[in-house]
Each structure stands twice: as C-alpha cells, then as structure tokens.
Amino acid sequence: MSETANDVDGNAESVAPSVYVGQFARLLEKGDTYVMQLLTDEEYIRYALGEAKRFQDSFEIIALLKKSFEAYTTSNAQRVASYCGFEMAREYFAVNQFSNAKQLFDSISSLYRKEGWVTLLWEVLGYLRECSRILGTVEDFAEYSLEMAALPVSSIASIQSLCFKEYGPAGPASLSNRETIQKELFELVRGELGLASNEGNNNLKVTADEPLHLEIDLVSPLRVVLLASVAFHEQTVKPGAPTLIKLSLLSQLPGTVEIDQLEVQFNQSVCNFTIVNDQRLQLDAISNGHPDHRVETAPDLMLSTNKWLRLMYDIKSDQSGKLECISVIARLGPSFTICCMTESPASMNDLPLWKFEDLVETFPTKDPGLSFSGQKAIQVEEPDPQVDLTLGVSGPALVGEIFCVPVNISAKGHAIYSGELKINLVDTKGGGLLSPREAEPSSTDNLHVELLGVSGGLECEDESQTRTDKILKIQHSFGLISVPFLNEGDSWSCKLNIRWHRPKLIMLYVSLGYSPHSSELTAQKVHVHKSLEIEGKTVVVFSHHYMLPFRRDPLLLSKIKASSDSDQMPSLPVNETSVLIITAKNNTEVMLQLLSMFIEVEDDDVGKSCTVRHVGEDPSDPALLVPGEVFKKVFFVTPEVNFSKVKMGTVCLRWRREIRPEGQPGSGSGSTASEVLTKYKLPDINVEYSLLVVNLECPPHAILGDPFTYFVRIQNQTHLIQEIKFSLGDSQSFVLSGSHNETVFVLPKSEHILSYKLVPLASGSQQLPRVTVTSMRYSAGFQPSVAASSVFVFPSKPHFEMTNVGSRPESIAAE
C-alpha cells in the first residue's frame, strides 16, 4: 500500500475537486489547453491513500482498509483479506492502538501458520511480540518469542526478507535474529534481564512471586519448541512389576536449551517422578517438587536443534488398569516451566512448518518397532486373586420355576474387605432379555428372564460386622449386593433366584470386587470373575385334540362347507358331550412330578358358555414323568350355547422337579422342589347345532354263533324332511338279515331306526358290516371309523370276576 500511495503522490496536485460526489478528475495540460480526465476506481484509491499519507491521516487509511477487508472477507478471498488486515493492524500499531493491532495480528497469524508462509508469519509475530511487550503480558511475549525463535527461517527466506523496504519490530527473518530472540527470552525468564513496557512505566520480569508457566498441547504452535514422546516397552505388565519407559524430547530452537529438571506425570499420581539435571543440583532445582515423588538424576539435560534427547527409566504400578503418561513439565530456571502434553510415537504427527525443510529425519527411539508402534499407555493387569468364587449349578433351568444358583466365596490367601458382588444376565445372541411384545416397559410380561433376588447370606452373624452402607440393589437383569468381612479361611455363600418366563439361553456373569487391606479404603480393588451359560427350557409341550362320542357322529354345517385352511377353528355340536384329550410331554432332561391338571373356564357375557369336567379324581400320589414321556388326561366338554366363537379356557398344570433319594434335585444342587404352575391357552372353538346325528348301537362284545341286534339310529334335528339314502355292505365274519340298500324320509325332529340281526361266524376282533348313510339335501355322507365298526367275538360265553379296585385315576401315561 505504501508503494502504491507513493506513486500517486507526484500527481496529487493535478487532481481537481469533484463537482459531484465520487466524481474526481485529473487536470492534464496539453500544449496551451487543459483537459479534465475522470479517474478510475483504482486511481481514486491510490489518490485517497496518497492524500491520507501526505496528511498522516491514519484513521482514514484504517477506514478504507477496513472496507476492503470486509469486502474480501465476504467474497471468501482470505489471502487478500489477510493482507488488508495486516496493513490495517500496522496502522493501528502506528497510532499506538496496540490492543486492536494485536487482535488483528492474532487472526492473521492463524492463516499464515495454516498455509506455511514463514516470512509473513515472522513479520506478524514480530508485531505481536512487540505489542505484548508494550502491553505488559509476559506469557504472550514468551509464547511469541519462542515461536519466532523456532521458525524454520532458511537462507532463502533471509534473502527474501532483505528485499522488503520496511521491516517489522523484529527485523528481517534470519538465523541470527532467531538466536537473539531466544537469548533475550531466556535471560528474561532466568531473571538476568528486564524489558521495559508501556514506555518505561512497567518492566517485564519473571520472579518467584510472578512465575511463568506455559502449556503446549497437541495442536499448539509451540510444539516446535518442545516435543515430548513417550513409549512403553511392553503392552501389559503385572502389578508391582517394573517395566521400561522411553522418554524422548525434541526442540527446534536455534540455541542449546539446558533443562534444570523434568517432572513426568501419569494418570496414576503415585507413579510420577522427577528427573534432575546433575550439573544444576547446586541451584536447588527440586525445591518446588513433590517430596513424595521419586527423584532420578541425569548427567545433563541439554536439548540441541533437531536432535532427540532420549531417556530411559523403570516404572512400576501397584494399581491395575490403564497407566498412561500424560505430560512432562520442564523447568527452565527457578520461575519458568513448560508443560508439554506427551505423544505416542505411533500416532505422533509431523511439525507442520518443518516437514518440508531439508533436515535429517530422526526418530524418537532407536528401536524401529517402538518408533512406529510405541504407545504412551500400558495396561496393568489385575493382581492374582487369592479368593475362590464358585457357581454351584449345572443343567438347564425350567420355564416358570424359581431357579437357584448357589454362589460360594472362600477367602484362602487373604481377608476380604469392602466386598461387592455384581450379577449380570446377558443374552448370548445379543438380542436382549426383553420380548418384542407390546407391553409396558415396567411390566414383567415382556421379560424373557428375570433376576428376582438373592436369598441367604445377606445378614452377618456378628452384629458388629453389619455395615451401614450395605448395598442391596436388584433389577431385572442386574444385581449388586455387599459381601461381609471375611477373614482368611472363612467362606460366605448366597443363592441367586432367577426365573425364566420364556425359553432363553443366557450368560450369567458374577464379579466379586474387594480390597485385601482394611486401611486402604480407596485402594484399587481386586476382581474375580466367573461366568456360566444357562439355558431355560420349556418344561412340557402341550397338545390337544377333540373326539366325538363313541359311535355317535353329528353332521355339522361347517364340516360340509369346510375349506382347506389349516387354521380353521374346530367345531363342536351344541348340547353334545365331546371328549377333549390334553397331552403334556416332558421336554426336559429331568424327571418331573405332575401334581394335577385342570382347566379354568372363562366367563363371557352370557354366562358359562360350556361345561368342562374331567374324568375321575386327581391322584393322591404325583405322577412321575421321565424325560420324553407323555402324560394324557381326558375331559368332557359340553357346549351349552350356540356361539360362533367360544372360549375354552386355560389348561393349568401343577408340577415340580423330582427329588432324588439323597436329597438332591434332578439337575443339580441349583434345583428346587417348589410347586410351579404352567398354563396353556386353549384355542377358541365354534359351536353350532347338529343337522343330523347318526348313532350306532351294538353290544360291547359278541359270542360265536349267538345272534345279536345291530341298530343304526338317524336323528333329524332340523325343521325339514330329510331324504336319507343308506347302504349296508356284506361281511365274511357275519351272517346278517335286513335291508342292504334303501332310501327313507325322516320327519323333522324325529328319528329313524335301522335294525339288523347279525350272527358271528369267527372269533376275535371282527369288522361289522360297513354302514354308509348319505343326506341327499346336504350331499353329505357318513361312514363309521374302523374302531367304531369293530367288535370282539368270544368263542364261548366269558366269565368275569368283579373286584373292587378302589378309586382308579382315569388319567393315563403313554409313550
């Protein structure tokens, strides 16, 4: 801008005042005449800056530059905008408005650092350094001085800086100026030099009362001043075992830096230690250190330009978990410290302004493996526990029962203080323990598995051992309970009560955390972990089917119009007694005791829609069901109302595990003999009136050669006359008399009886002559089953002896 303004200074007097706003013109002399030439925008800007320069009107210059700065910033022309901002900051600096100048220089320096403009950054930092000195901010002065001293100013940059007509307060960018700035700063921080500020009113100084502390993080521009790399030689270590740690420091300052002491800090403060420069012990360099920390000495702590200072020490930790080196604090003088965040060699980034310089590439460690994969953190393993944690259960759990898992803790090697037992139930497939049902989140209906509680072992035998902070927290899949104090050799046990609502394979995790020392309440706890896979299985598999009364077959309209849909609702005739057979199969690997089976009939709006009664009484002794065996029970069902949909109720089965003679349950010590109620919802049925009922009547048995009568009753339960066609087939086992084929008409609400006389010709189980009855109106036929048309023929009259066998259970067990 200064060069542009000077070019216009010689012609400034030839510019005539504007007649209208913004219309300036230049007066040109051509011979004896004068010509007015309008100025372009560029020429007018040069004229305005020249005029402001002539009259030293910095505020007008600042106003013009500010407009340009805002215009270029809006157009996203950051480089030109930064140039305008730089000129504006120089004008603020010229009129002694150092705060405004420093604010602008700070924003400009960010762009110059990002794009690597070293020479321009030198100029900006020089102004920032001078502003900080005048404003009396020692910390900013030290940061700008260190950054300038560590800039990669090459010989080419020095030659380029000499081409400038004007220099900033720091002079041209050169190696000698870098060394001068470093020397001046270190004399200041060591108390050997004081710098005047605010025109001599105050002095910049660093003393014991006013120390200076700088922070260098992973994105700070001061990483070129001090770079700390830390690498552990191992990935894991036993507690209390020593391991090697490599500490490497690098600086790009032009002069040698002598460090008085280094304090290495970890996330575990007990591992912090201090490294003291052996040559400066007489300066009492560790007077401000922590007396409890370990102190190491080094022959010298000298940092040379672009040369790693490598130090190696042993470190050990008694606390399990992650051990990480966080920072290194370098003390440079009695009142000046630099805290540098440490970096891992494997993830350490390059120095942005130095990565393109012609320098020899060096590594933090001489070991290539550590240089490329070293980490500043190590995992301290948990100490070997001297406590046994056992889960005494094996075998599957059964859905519906309270499954008990015994947990036993034995203190073998040392005592147990502040013990906590954590219980977690986890789905092995990662799907969670909740069922995708539409249920309330707080309801247990949507839980597959539920931790009910802990029984036994919660109370201490000695009242003096009862703690006020005893923990007892039980949730659906998580539990946290306290463990009382145990001396060496003592044991403690409890039982986890778990209930499966649905079949599920889960993993039970039990973790014991305790402290082996009573005095160290905040010490790292020792943990013992155990896991157990438990599968909750369905106890019984239910099935059911309906049977019509023996040799009695009603004709239902739904059967005539039956579709091929397999999910079609079963139909039963109203006011007819049907047989319902419930089958329960033992689906487990343990023996079960079946106590009772009954059906709960639900009520509807009309009242009882059907009557259900079971055959016989429940057995006084439970029925024993071995794995894979089937238990069956017969019920009589009589629908009493004509509904299209009738609820049949719920089958309720009471059972328990079989207790072995030695007192142990069938699947291990975790079993229980408590009663469990399992329910099975019966599907709804369709109830309708029968159109026709065909009933076969014959004796329960026959005698060879003795005739007997065989009846076929056809009942018409409609209000229409039914045309019935029937036929009777021949049989080689019987001689029969009666009509073989005929068509009859059955009046409404009446019945027609067909009778045949049969003489058995052979003994044993014989098939009766096959009867076929067909309704012409409904085009539906009836033919009895093989079992219904069979009769046993004795060769002679049998003699039966009746014996009172008491109350026999009607339920049966079959394979």
Side-chain angles (χ1 to χ4, degrees), residues 546-562 571-579 636 688-800:
Y546 294 94
M547 295 179 60
L548 295 175
F550 188 59
R551 293 175 176 171
R552 182 177 178 86
D553 190 10
L555 178 62
L556 303 178
L557 187 61
S558 59
K559 292 184 177 180
I560 300 174
K561 301 179 179 179
S571 298
L572 295 181
V574 68
N575 296 326
E576 292 281 349
T577 300
S578 302
V579 178
F636 290 154
E688 57 182 304
Y689 285 107
S690 304
L691 302 177
L692 298 174
V693 178
V694 178
N695 192 14
L696 303 181
E697 296 180 2
C698 71
H701 61 271
I703 300 173
L704 184 65
D706 290 349
F708 65 90
T709 305
Y710 179 35
F711 297 98
V712 179
R713 295 179 180 271
I714 304 173
Q715 299 177 359
N716 180 10
Q717 297 187 356
T718 67
H719 297 280
L720 303 175
I721 298 176
Q722 299 291 338
E723 182 181 357
I724 304 299
K725 182 179 180 181
F726 68 90
S727 62
L728 184 67
D730 293 330
S731 175
Q732 298 179 356
S733 302
F734 295 91
V735 175
L736 61 90
S737 65
S739 177
H740 282 65
N741 294 284
E742 190 177 352
T743 299
V744 298
F745 292 90
V746 184
L747 296 177
K749 299 297 181 177
S750 63
E751 69 176 8
H752 183 80
I753 302 176
L754 302 176
S755 61
Y756 298 91
K757 209 68 171 179
L758 302 180
V759 178
L761 301 179
S763 60
S765 180
Q766 304 295 332
Q767 289 290 320
L768 295 171
R770 184 62 60 91
V771 177
T772 302
V773 178
T774 304
S775 172
M776 305 305 294
R777 177 181 295 275
Y778 302 109
S779 299
F782 162 77
Q783 195 171 40
S785 63
V786 175
S789 59
S790 298
V791 67
F792 190 84
V793 179
F794 288 94
S796 61
K797 185 176 181 179
H799 299 280
F800 299 103

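This chain uses plain numbering: 1 for the first residue, then up along the sequence. These figures come from a predicted structure and were not determined experimentally. All heavy atoms count here, side chains included; hydrogens, waters and symmetry mates do not.
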Listed pairs under 3.5 Å, donor-acceptor, residues 689-711 side chains, sequence neighbours left out:
unit_1 : atom_1 : unit_2 : atom_2 : d
Glu697 : OE1    : Arg713 : NE     : 3.2
Glu697 : OE2    : Arg713 : NE     : 2.6
Thr709 : OG1    : Lys757 : NZ     : 3.1

Smallest separation among heavy atoms of [X] and [Y], with atom names:
X: Ser765; Y: Phe792; answer: N-CD1, 3.7 Å
X: Ser775; Y: Ile724; answer: CA-CD1, 4.0 Å
X: Leu761; Y: Gln732; answer: CD1-O, 3.9 Å
X: His752; Y: Val746; answer: CB-CG2, 3.8 Å
X: Val744; Y: Glu742; answer: CG1-OE2, 3.9 Å
X: Asn716; Y: Leu720; answer: ND2-O, 2.7 Å

Within the 4.5 Å heavy-atom criterion, are [X] and [Y] side-chain neighbours or not?
X: Leu754; Y: Phe726; value: yes
X: Leu548; Y: Pro554; value: yes
X: Arg770; Y: Ser727; value: no
X: Thr718; Y: Tyr778; value: yes
X: Glu723; Y: Arg777; value: no
X: Pro573; Y: Ser578; value: yes
X: Val579; Y: Tyr546; value: no

Rounded to the nearest 0.5 Å, how far does [atom2] of [Y] lie from [atom1] of [X]?
X: His719; Y: Leu747; atom1: NE2; atom2: CG; answer: 14.0 Å
X: Ser733; Y: Leu736; atom1: OG; atom2: CG; answer: 11.5 Å
X: Gln767; Y: Ser731; atom1: CD; atom2: OG; answer: 8.0 Å
X: Leu758; Y: Gln766; atom1: CG; atom2: CD; answer: 12.0 Å
X: Ser785; Y: Phe550; atom1: OG; atom2: CZ; answer: 7.0 Å
X: Lys725; Y: Asn741; atom1: NZ; atom2: CG; answer: 7.5 Å

- With a 3.5 Å cut-off and no angle check, do the side chains of Asp730 and His740 form a donor-acceptor pair?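 Yes.
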
- When you look at NZ of Lys797, are more than 12 heavy atoms from neighbouring residues, nucleotides or ligands closer to it than 6.0 Å?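 Counting other residues, nucleotides and ligands, NZ of Lys797 stays at 12 neighbours or fewer.
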
